[in-house]
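Step one of this worksheet: look at the structure below.
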Amino acid sequence: QKKKNMAAKVHVTLLFALLCLAHCHGAKNMNVLFFAVDDLRVQLGAADVPGTGPKMITPNLDDLISRGLFLRKAQVQQAVCSPTRTSLLTSRYPDTTRVWDLYSYFRDVGGNYTTIPEMFRLNGFTTVGMGKIFHPGHASGAGSPNCKDCPKGDDFMHSWNRPYFHPPNLAYWSGKVKQPGCDGCGNSWINVSPEAEQKMPLPDTQTADNAIQTLQGFKEDEKFFIAVGFHKPHLPFVAPQRFFDLYNESEIELPGDQLPPKDMPPVAWSNYGEIRAYLDIAALNNSGNPGDVFPPAVVKDLRRAYYASISFTDYNVGRVMTELKARNLDKNTVISFWGDHGWQLGEHGEWCKHTNFDLATNAPMFIVVPGMTDKGIVTHTPTEYLDLMPTLAELAIGITVPPCPKDNPRSVAFCTHGVSLVPLISDPTTPVRQAAYSQYPRGYQKNATTGGVDFLNEKGAPGPSPCLSGKCTMGYSLLTSVAGVEYRYTEWVDFNTINSGAPNFGRLVGRELYNHSADPMENFNVAQDGDLVNQLSALLKDHPTVATRDI
């Protein structure tokens, strides 16, 4: 086994050497500051989400967006933490990483894939990680024979060459149980008093402090890749009181429509068990079923707390950026920022992520490149999160990530299912891809009239996905434009039934079509449009990891 591991490492090293010989002429070698934020909606900067007043107060993120390439239509590949992060960090679709849950480690179930930080480490950068970048624990290598030096996961031995930092106060502020001396612990949100904050500093404060100290240790001529992962606004929504004070309770708006989309197939729905597990929400005895909505006061409280959490994260991003500028590093550093997926705040009566609705799959992503994006660029071209690896490789290292082979992408360590987004900097209307794909698994649907079992709602202990070893239902979704009209189209089909690890589009248990140009909030499923459905169905089956298999 040791010889096999050594051979694999030698293979990857040689591969990078060859890639550099071929593509590194004129390499830029810019530093990268890599921000990741948990559960962040696209409701930032140039984005406009109806029924979400007042406007969130995010001056630092707004400033970065005004100087960056804002990918307004960026789509995550699966709207839940570990699958989306694994897909982004390895630049591969979930059906290739084989990570559809919060437990499985891609090197165990998929392959020995090169990650974004590993790519930088192998190209001579110092890679430093902190907070939440990979989904922690078993999902990123803790206890895995394929990551022997990964005590807390984080893909540590492969991706980083400095000790990894986890904020020590995370468990105190994150649980679903009461904590001694903590007013609000166990609830879905906590307005933290100045006294409580001083006594027990918040985890994201500790992560920002560590990022500042890390920057202070670098000289101007050192190449670095620093990844800073903030936990908020992930549940529970926790922020200092001064950030709650930014939002007047009377100005918080309710969602415009709290009923599910008309003609929505039951399998599309998630019962938002994640938020219903907190003590204050559990006391409501809400079923999580369509039409069973939270009381208006609860909805407003949750929205206000979510906004406060985001303003708190914005503040911490600003602290790190201030230090970057103070050390004169901002002129040679690419800023990459992404939220790991969107979040539903009561629209359609739905909460959390765990769906293929646009509010879950569309999340904020932008890239600031000194000298290239200074005037700010907004693109509405559909893009995918796995496009980030080839984009950063081109911008910061000067190499081209080879495309993954269509026949057996799991056999290649370093490749991408994405495309470089650099052309969007010079022309934001460039059609870099025909469609952007997402997917979401459910428990196996015996018929189309029952709702989908959501085994990824984070209510219980994580475990391997049923899709790994047995049959399940998979919802494949795409975002595209036809004749200037934007559509989201989704098919819910059998998975792992006829062919191992593949969908069976011959058995359909749900279909959705939303016209975003006429219905941006996806209130009406118009999947009865036969000709258009046929066209989009063919495009869906052209999914890069589906089209190569017998479906």
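Excluded from the calculations below are hydrogen atoms, water molecules and symmetry mates; all remaining heavy atoms, backbone and side chain alike, are included. Bear in mind the structure is a predicted one, so any value in this text is a computation, not a measurement.
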**Report entry** Non-neighbouring partners of Cys150 that pass disulfide (SG to SG under 2.5 Å), sequence neighbours left out
**Finding:** Cys147
**Report entry** Residue Tyr278 excluded, over 12 heavy atoms near OH under 6.0 Å
**Finding:** yes
Query raised in the report: Is there side-chain contact between Leu40 and Ile310, with heavy atoms separated by less than 4.5 Å?
Result: yes
Requested in this report: For Ala139, check side chain to side chain contact (heavy atoms under 4.5 Å, CB included) against everything at least two apart and list the hits.
Outcome: Ser82, His135
Query raised in the report: Can you find a pair of side-chain heavy atoms, one from Val334 and one from Phe34, that are under 4.5 Å apart?
Result: no
Query raised in the report: Can you name the residues that form a ring-ring contact (aromatic ring centres under 6.0 Å, His included) with Trp492, not counting sequence neighbours?
Result: none
Query raised in the report: Taking NZ, NE, NH1 and NH2 as the nitrogens, is one of them in Asp340 or Arg85 under 4.0 Å from a carboxylate oxygen of the other?
Result: yes
Query raised in the report: Quick one: do Glu384 and Arg92 make a salt bridge, cutoff under 4.0 Å?
Result: no
Query raised in the report: Taking all atoms of both residues into account, what is the closest heavy-atom pair of Gly131 and Tyr164, and its distance?
Result: O-OH, 2.8 Å
Query raised in the report: Between Leu539 and Gln434, is any pair of side-chain heavy atoms under 4.5 Å apart?
Result: yes
Report task. Only counting residues at least two apart or in another chain, list the ones meeting ring-ring contact (aromatic ring centres under 6.0 Å, His included) with Tyr437. Result -> His543
Query raised in the report: Which of these passes side-chain hydrogen bond (donor to acceptor under 3.5 Å, both in side chains) with Thr361: Arg488, His341, Lys353, Gln77?
Result: Arg488
Query raised in the report: Shortest non-hydrogen contact from Pro261 to Tyr514?
Result: CB-OH, 3.7 Å
Report task. Would you please name every residue forming a side chain to side chain contact (heavy atoms under 4.5 Å, CB included) with Pro431, sequence neighbours left out? Result -> none
Requested in this report: List in chain and number order the residues that pass salt bridge (Lys or Arg N to Asp or Glu O under 4.0 Å) with Lys132, two or more places apart in sequence or in another chain; answer none if no residue qualifies.
Outcome: Asp38
Query - Single hit among Val99, Thr86, Asp155, Thr97 for side-chain contact (heavy atoms from CB on, under 4.5 Å) with Tyr105 - result: Asp155
Query raised in the report: Hey, does Tyr487 have a side-chain heavy atom less than 4.5 Å from the side chain of Leu479?
Result: no
**Report entry** Pro94 side chain near Thr84 side chain, heavy-atom distance below 4.5 Å
**Finding:** no
Requested in this report: Check whether any side-chain heavy atom of Ser477 lies under 4.5 Å from a side-chain heavy atom of Gln439, and answer yes or no.
Outcome: no
**Report entry** Arg98 side chain reached by Leu468 side chain, heavy atoms, under 4.5 Å
**Finding:** yes
Query raised in the report: How are the rings of Phe120 and Phe125 set relative to one another: parallel (under 30°), tilted (30 to 60°) or perpendicular (over 60°)?
Result: perpendicular
Report task. List the steps, then state whether side-chain hydrogen bond (donor to acceptor under 3.5 Å, both in side chains) holds for Ser159 with Thr115. Result -> CA-CA 7 Å; Ser159 289; Thr115 69; 2.7 Å; yes
Query raised in the report: Which residues pass the ring-ring contact (aromatic ring centres under 6.0 Å, His included) test with Trp173, sequence neighbours left out?
Result: none
Query raised in the report: For His516 and Asp358, does a side-chain donor sit closer than 3.5 Å to a side-chain acceptor?
Result: no
**Report entry** For Ala305, side chain to side chain contact (heavy atoms under 4.5 Å, CB included) partners two or more places apart
**Finding:** Trp189, Phe237, Phe244
**Report entry** pair Asp204-Pro167: side-chain heavy atoms closer than 4.5 Å
**Finding:** no
Query - Qualifying residues under salt bridge (Lys or Arg N to Asp or Glu O under 4.0 Å), relative to Arg41, sequence neighbours excluded - result: Glu347
Report task. Identify, with sequence neighbours excluded, every residue that meets ring-ring contact (aromatic ring centres under 6.0 Å, His included) alongside Phe337. Result -> Phe366
Report task. Can you sort out the partners of Arg121 under salt bridge (Lys or Arg N to Asp or Glu O under 4.0 Å), two or more places apart, ordered by chain and number? Result -> none
Report summary line: Residues passing the salt bridge (Lys or Arg N to Asp or Glu O under 4.0 Å) test with Glu512, sequence neighbours excluded, are none
Requested in this report: Take the angle between the ring planes of Tyr306 and Trp343 and call it parallel below 30°, perpendicular above 60°, tilted in between.
Outcome: parallel
